[in-house]
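Heads up, the thing below is written out as structure tokens.
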Amino acid sequence: MKTVTLALSFFFVSLIAMAQENSGVDITVTIENVTSNEGKVLAGLHTQETFMAGPGMQNEQSTVENGKVVLTFKNVTPGTYAIMAMHDVNGNNRMDYQSNGMPKESYGMSGNDMTMGSPSFESAKFEVGTEDLELLIRF
């Protein structure tokens with residue numbers, strides 16, 4: 001009887017674990033044109049509420065190898081999101097600016113809109129449904 005109870009317990013635990021694994025989609029982001037291998041690339045997955053307001057819903061970072069970075073946001077639920085990324089060359093975990101207010105470090109976002117002025121959620125947004133996504137971001 002103990003064996004049956006133990007076997008059923010393992011069965012239910014494995015069902016719960018598998019259900020939690022597949023609760024969302026994966027978003028793989030590739031950045032191919034990083035200007036140097038110094039520092040790291042930081043990226044945040046944002047909703048409209050978190051965009052340009054602080055940390056994202058998920059945040060990832062990676063070292064740069066041969067001017068390329070690949071990051072993956074896992075188990076993202078369906079909805080509307082934007083991704084912002086920056087090359088943190090000096091490793092201080094924030095964007096550095098020149099005296100005239102222009103960024104010193106490279107950055108980019110989903111949608112690849114690089115017009116003058118502050119980035120907007122409208123130009124960077126994309127929809128997450130039920131299938132994994134692959135995005136390319138340019139700095």
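As the structure is a prediction and not an experimental result, all values here were calculated from the model.
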Any side-chain heavy-atom pair of [X] and [Y] under 4.5 Å:
| X | Y | answer |
| --- | --- | --- |
| Lys68 | Ile31 | no |
| Val29 | Val70 | no |
| Val69 | Thr30 | no |

**Pair Ile83-Met109, side-chain contact (heavy atoms from CB on, under 4.5 Å): steps then yes or no** = CA-CA 5 Å; Ile83 295 174; Met109 68 185 109; over 6 Å; no
**Asked** Residues two or more places apart in sequence or in another chain: which of them pass side chain to side chain donor-acceptor pair (under 3.5 Å) with Thr50?
**Response**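 Testing Thr50 for side chain to side chain donor-acceptor pair (under 3.5 Å), a comparison that skips the adjacent residues, returns His46.
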**Request:** For Thr47, enumerate each residue passing the side chain to side chain donor-acceptor pair (under 3.5 Å) test, keeping only those at least two apart in sequence or located in another chain.
**Result:**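 Here the qualifying residues are Glu49.
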Quick one: side-chain contact (heavy atoms from CB on, under 4.5 Å) partners of [X], sequence neighbours excluded?
| X | result |
| --- | --- |
| Asn59 | Pro55 |
| Pro103 | Met95, Tyr97, Tyr107 |
| Ser36 | Glu38, His87 |
| Gln98 | Asn100, Met102, Lys104 |

**Request:** Would you list the pairs meeting ring pair (Phe, Tyr, Trp, His ring centres under 6.0 Å) in which at least one residue belongs to residues 61-86, sequence neighbours left out?
**Result:**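 As it turns out, there is no ring pair (Phe, Tyr, Trp, His ring centres under 6.0 Å) pair with a partner in residues 61-86 once direct neighbours are skipped.
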**Prompt:** Does Gln61 reach the main-chain N or O of Lys40 with its side chain, forming a donor-acceptor pair under 3.5 Å?
**Reply:**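 Pair absent, no side-chain N/O of Gln61 close to backbone of Lys40.
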**Asked** Counting heavy atoms not belonging to Asn92, are there more than 12 under 6.0 Å from its CG?
**Response**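 Yes, the 6.0 Å shell around CG holds more than 12 heavy atoms from other groups.
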**Prompt:** Which residue pairs pass the salt bridge (Lys or Arg N to Asp or Glu O under 4.0 Å) test when at least one of the two sits in residues 87-99, sequence neighbours left out?
**Reply:**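 Output for this query lists Arg94-Asp96.
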**Prompt:** Can you tell me how far the CE atom of Met86 sits from the CD atom of Glu105, to the nearest 0.5 Å?
**Reply:**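 Going from the CE atom of Met86 to the CD atom of Glu105 covers 4.0 Å.
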**Asked** Taking atom OG of Ser62 and atom CG of Leu71, what is their separation to the nearest 0.5 Å?
**Response**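 So the OG of Ser62 and the CG of Leu71 are separated by 5.5 Å.
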Anything under 3.5 Å between a donor and an acceptor, one on a side chain of residues 131-139, the other on a protein residue two or more places apart or in another chain? List them.
residue	atom	partner	partner atom	Å
Asp132	OD1	Asp26	N	2.9

Ignoring hydrogens and angles, write down the donor-acceptor pairs under 3.5 Å from the side chains of residues 118-129, residues two or more places apart or on other chains.
residue	atom	partner	partner atom	Å
Ser120	OG	Ser123	N	3.2
Ser120	OG	Ser123	OG	3.0
Glu122	OE1	Lys125	NZ	3.0
Ser123	OG	Asp113	OD2	3.2
Ser123	OG	Ser120	O	3.1
Glu127	OE1	Thr80	OG1	3.0
Glu127	OE2	Thr80	OG1	2.6

**Request:** Work out which heavy atom in Ala85 is nearest to a heavy atom in Val41; give both atom names and the distance.
**Result:**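 The pair with the smallest heavy-atom distance is CB-CG1, 4.4 Å.
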